[in-house]
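Reminder, nothing fancy here: chain letters follow the sequence lines and each chain counts from 1.
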There are 2 protein chains.
Amino acid sequence: MQKNKSEKYLNIFNSAGAVFAKYGFYKATISQIASRAGVADGTLYLYFKNKDDILYQYISYKTSIVFEKMNDAVAAGKTAEEKLRNLIRCHLQEFQSDRHMAVIFQSEVRYLRDIQSQIKDISKMYLDLLSDIIEQGQIEGSIRQDLFVGLVKRFILGAVEGVISTWVSAGSRYDLVAMADPLVDLYLNGVKEG
Amino acid sequence: MQKNKSEKYLNIFNSAGAVFAKYGFYKATISQIASRAGVADGTLYLYFKNKDDILYQYISYKTSIVFEKMNDAVAAGKTAEEKLRNLIRCHLQEFQSDRHMAVIFQSEVRYLRDIQSQIKDISKMYLDLLSDIIEQGQIEGSIRQDLFVGLVKRFILGAVEGVISTWVSAGSRYDLVAMADPLVDLYLNGVKEG
DNA sequence: TTCTAAAATGAATATTAATTCATTATCTAA
DNA sequence: TTAGATAATGAATTAATATTCATTTTAGAA
């Protein structure tokens with residue numbers, strides 16, 4: 001099993017992403033992944049320990065990249081509102097530009113949560129980012145003091161995931177990033193008239 | 001395969017729910033379900049066509065029950081706000097009182113969406129309920145006119161599912177129904193100060 | 001060009017678990 | 001009480017596919 005990410009490694013990696021996204025982890029077969037990558041079945045085992053390990057590496061890697069970008073996006077904002085807006089936009093942007101990842105995150109994360117506790121859960125990190133933003137907003141005075149942060153952050157994450165989930169189910173045809181501003185407007189102002 | 005729901009059928013049905021919730025559909029085995037139900041492996045095939053059919057019947061049945069209750073809850077409200085509050089409360093109540101169902105809905109629905117198009121998707125029905133409520137609120141004047149209903153309804157569903165998902169991951173230890181009112185307050189008023 | 005190590009192959013193997021069905025047990029009605 | 005029907009059993013079968021490894025191919029050094 002190689003350490004550095006050779007061209008062949010990436011080839012298998014990406015093929016696995018496509019096949020997992022299309023069939024789901026359990027119904028995807030090693031042969032399908034190998035054939036899509038244009039290599040023999042046995043070759044996968046030179047690069048990955050086993051089938052689980054492919055999914056594990058896939059999610060680990062994608063998680064680290066996305067989280068890095070989210071961190072940068074938040075850091076680029078000054079006020080809480082700017083930070084929130086940047087975070088949501090980045091989130092939607094990343095998932096829109098990598099549909100396979102979006103599908104896999106949506107459907108296979110629970111499987112990994114059960115068996116691979118060493119994965120840093122992207123939700124956990126995301127919720128921590130949100131906590132910081134909400135608390136900053138409360139200090140700034142732009143966000144209500146009477147809110148239970150633990151609830152608000154889940155509420156926001158759930159809403160974004162719901163929008164992504166719908167976009168995935170609908171065949172990813174419309175522009176996801178365009179929903180960032182209306183979404184943030186909803187969090188901020190609510191649906192009530194006046 | 002029997003038609004009427006005998007005691008043994010329900011026994012297998014519920015055992016399957018518990019085993020699917022614990023291990024996930026693919027890792028759950030027929031032997032585990034049979035053994036939990038206290039019957040022989042072959043007996044399952046007198047009541048269900050195959051393993052897929054067990055999950056199919058489980059989700060179909062639970063969906064119909066929950067949706068009926070949700071409909072009643074909404075019908076019991078007069079204003080849009082009352083209806084929304086009743087719907088969210090009912091949703092949280094039903095999932096809280098049936099944790100196996102909550103787990104299965106959270107993790108296995110995508111699998112079914114792929115293979116069993118005849119299931120009426122609970123999300124779809126739910127979103128339609130929400131559409132009606134939002135439109136009623138807009139007519140009443142209690143909900144903003146400038147909202148895109150298609151976005152708002154997903155936003156609300158996503159937020160509720162996010163809260164349930166967190167509750168499931170946290171081992172279902174706290175009171176989920178207690179979150180209904182703070183959640184509705186968030187949808188209505190937003191997080192912004194003033 | 002030749003040699004050696006690394007990489008790749010894919011047929012054979014091993015494993016796991018869903019499903020079947022010949023047999024046995026249980027129930028019901030005459 | 002018993003014959004026939006119905007229900008249940010669980011060992012044997014079947015099917016699918018993840019993984020291994022003896023063999024072949026490739027690439028780079030001498």
Distance in angstrom units between Leu46(B) CG and dA25(C) C1', rounded: 13 Å
Euclidean distance, atom CG of residue Asn11(B) to atom P of dA7(D) [Å, nearest integer]: 17 Å
Reported NZ-to-CG distance for the pair Lys62(B) and Asp98(B), which is rounded to 0.5 angstrom: 4.0 Å
Heavy-atom pair of closest approach, residues Gln136(B) and Thr79(B): NE2-C, 3.7 Å
Residue pairs fulfilling side-chain hydrogen bond (donor to acceptor under 3.5 Å, both in side chains) with at least one residue in residues 183-192 of chain B, sequence neighbours excluded: Arg144(A)-Asp185(B), Asp185(B)-Asn189(B)
For atom CG of Asp53(A) and atom P of dT19(D), their distance in whole Å: 10 Å
Nearest-Å distance for atom pair NZ/C1', residues Lys8(B) and dA8(D): 7 Å
Proximity of Tyr9(B) and Phe48(B) rings by center, below 6.0 Å: yes
Rounded interatomic separation in angstrom, taking OH from Tyr23(A) and P from dA18(D): 13 Å
Phe25(A) six-ring centre to Lys51(A) NZ/CZ under 6.0 Å and within 45° of normal: yes
Protein and nucleotides 10-17 of chain D: nitrogen or oxygen contacts under 3.5 angstrom:
| residue | atom | partner | partner atom | Å |
| --- | --- | --- | --- | --- |
| dG10(D) | N7 | Gly42(B) | N | 3.3 |

Length of the line joining Leu44(A):CG and dT9(C):P, which is rounded to integer Å: 10 Å
Whole-Å distance separating the OH atom of Tyr45(A) from the C1' atom of dA7(C): 17 Å
Phosphate OP1/OP2 of dA8(D) contacted by Tyr47(B) side-chain N/O (<4.0 Å): yes
Row check, Tyr26(B) ring normal vs Lys27(A) NZ/CZ: under 6.0 Å, within 45°: no
Length of the line joining Lys49(B):NZ and dT20(C):P, which is rounded to integer Å: 12 Å
